[in-house]
Amino acid sequence: MLDLRHFPTYQLLLLSMETDETLRYPIGHYTLPEQPLTAAERAAYLQQLMQLPTELRQALDGLNEIQFETPYRPGGWTVRQVLHHLPDSHLNSYTRFRLALTEDNPTIKPYDEAGWAQLPDVAIVPPDVSLILLDALHARWVVLCSQLTDAQWLRTWYHPGMQQTVRLDQALVMYAWHGKHHVAHITSLRKRMGW
């Protein structure tokens, strides 16, 4: 019997049967804490940051080239684009952390995430390159964050696109969520497709 799960049209049909909101946000939206996080809460989010490279590797394990080129939802990024987006985004966040720690409420530079996902290196660079980058980046980021004082966690940056001032502990919540969010794009796609 012919297994239709290996045909892209069938896969996209299955994707279109779910709501766009469920596909876009498989783990829901994040909520920024209004009150400063406790040391224990920060430690839990730091653990999530530390685990992200391993969780991403597990989510990608065994995928073939066709599967890497499959969008996680109709009109969405491919698995390959999601993979390369994570170090792009987290490099920006790591830089923002360092700016907030050395400047008073710096205005950060937003970037065109969708445009970055279309740049030619995304289609060419092997997945391992971005996985190694994410490993090294998260090692540095977690070490930096684990040394911050309570007062340093309250330092801020201003995001002109969001028109919002963000505390570092809030950014920690946001990027711990961000990693899980994109890993869930891949794992939920794999589950739906039976990969």
Side-chain angles (χ1 to χ4, degrees), residues 26-27 30-33 36-63 68 72 77-106 108-113 116-117 119-159 166-190:
I27 64 167
Y30 64 86
T31 303
L32 294 182
L37 296 179
T38 65
E41 290 169 328
R42 291 190 307 257
Y45 286 111
L46 279 174
Q47 184 69 25
Q48 291 176 34
L49 273 189
M50 191 167 49
Q51 292 172 338
L52 175 64
T54 299
E55 291 172 355
L56 181 59
R57 272 191 171 78
Q58 291 169 344
L60 297 169
D61 187 44
L63 293 182
F68 267 101
Y72 73 89
W77 286 347
T78 65
V79 171
R80 183 178 309 281
Q81 288 172 311
V82 170
L83 157 66
H84 291 308
H85 164 72
L86 278 164
D88 286 347
S89 174
H90 290 200
L91 271 169
N92 274 281
S93 181
Y94 174 68
T95 300
R96 293 168 182 176
F97 265 71
R98 295 180 76 81
L99 288 169
L101 289 165
T102 57
E103 300 175 19
D104 290 331
N105 195 37
I108 57 96
K109 174 139 180 27
Y111 70 102
D112 179 359
E113 294 179 356
W116 283 36
L119 290 173
D121 63 317
V122 171
I124 298 167
V125 171
D128 281 349
V129 172
S130 280
L131 290 168
I132 291 166
L133 177 58
L134 198 66
D135 283 334
L137 171 61
H138 276 241
R140 286 279 308 268
W141 198 3
V142 169
V143 168
L144 172 67
C145 289
S146 68
Q147 301 305 306
L148 299 184
T149 65
D150 289 344
Q152 286 173 313
W153 278 109
L154 300 180
R155 294 189 63 87
T156 59
W157 71 59
Y158 178 73
H159 193 302
V166 178
R167 289 190 325 261
L168 290 187
D169 67 335
Q170 292 173 319
L172 175 64
V173 170
M174 190 182 329
Y175 282 92
W177 171 87
H178 184 256
K180 290 189 165 302
H181 165 71
H182 284 303
V183 167
H185 283 151
I186 298 165
T187 57
S188 63
L189 173 65
R190 290 189 75 152

Expected list for residues 43-61: side-chain donor-acceptor pairs under 3.5 angstrom, two or more places apart:
from: Arg57; atom 1: NH1; to: Asp135; atom 2: OD1; distance (Å): 3.0
from: Arg57; atom 1: NH1; to: Asp135; atom 2: OD2; distance (Å): 2.9
from: Arg57; atom 1: NH2; to: Asp135; atom 2: OD2; distance (Å): 2.9

- If you measure from CG on Leu168 to CG on Leu154, what distance do you get to the nearest 0.5 Å? 8.5 Å
- Query: With respect to Phe68, which candidate in Thr78, Ile186, Leu83 satisfies the side-chain contact (heavy atoms from CB on, under 4.5 Å) definition?
  - Reply: Leu83
- Identify the two heavy atoms, one from Ala184 and one from Ser188, that lie closest to each other, and give their separation to 0.1 Å. O-OG, 2.6 Å
- Message: Could you tell me if the side chain of Leu32 sits less than 4.5 Å from the side chain of Arg167, heavy atoms only?
- Response: no
- Item | Beyond-backbone contact of Leu172 with Arg42, side-chain heavy atoms, under 4.5 angstrom | yes
- Query: Is any side-chain heavy atom of Trp177 closer than 4.5 Å to a side-chain heavy atom of Ile27?
  - Reply: yes
- Message: Could you report the tightest heavy-atom contact between Pro87 and Leu133, atom names first, then the distance?
- Response: CB-CD2, 3.8 Å
- Query: When you look at Ser93 and Trp157, which way does the side-chain contact (heavy atoms from CB on, under 4.5 Å) test go after all the steps?
  - Reply: CA-CA 11 Å; Ser93 181; Trp157 71 59; 4.2 Å; yes
- Query: Should we count CG of Asp104 as having more than 12 external heavy atoms under 6.0 Å?
  - Reply: no
- Ile124 backbone acceptor or donor facing Arg80 side chain under 3.5 Å: no
- Query: How long is the span from the CD atom in Gln170 to the OH atom in Tyr30, to the nearest 0.5 Å?
  - Reply: 9.5 Å
- Message: Out of the candidates His182, His185, His85, only one should pair with Tyr72 under the ring pair (Phe, Tyr, Trp, His ring centres under 6.0 Å) rule; please name it.
- Response: His185
- Query: side-chain contact (heavy atoms from CB on, under 4.5 Å) between His178 and Met174: does it pass, once the steps are laid out?
  - Reply: CA-CA 6 Å; His178 184 256; Met174 190 182 329; 5.7 Å; no
- State the CZ-CD1 distance between Arg96 and Ile108, to the nearest 0.5 angstrom. 3.5 Å
- Item | From CG (Leu99) to CG (Asn105), nearest 0.5 Å | 11.5 Å
- With a 4.5 Å limit on heavy-atom distance, are the side chains of Pro36 and Trp153 in contact? no
- Taking side chain as C-beta onward, heavy atoms only, is Trp116 less than 4.5 Å from Asn92? yes
- Euclidean distance, Asp169 CG relative to Glu41 CD, rounded to 0.5 Å: 9.0 Å
- Rounding to 0.5 Å, atoms NE2 (His84) and CG (Leu134) come to a distance of 12.0 Å
- Judged by atom type as modelled, is there a donor-acceptor pair below 3.5 Å linking the side chain of Ser130 to the main-chain atoms of Pro127? no
- Under 4.5 Å between any side-chain heavy atoms of Pro126 and Val129, yes or no? yes
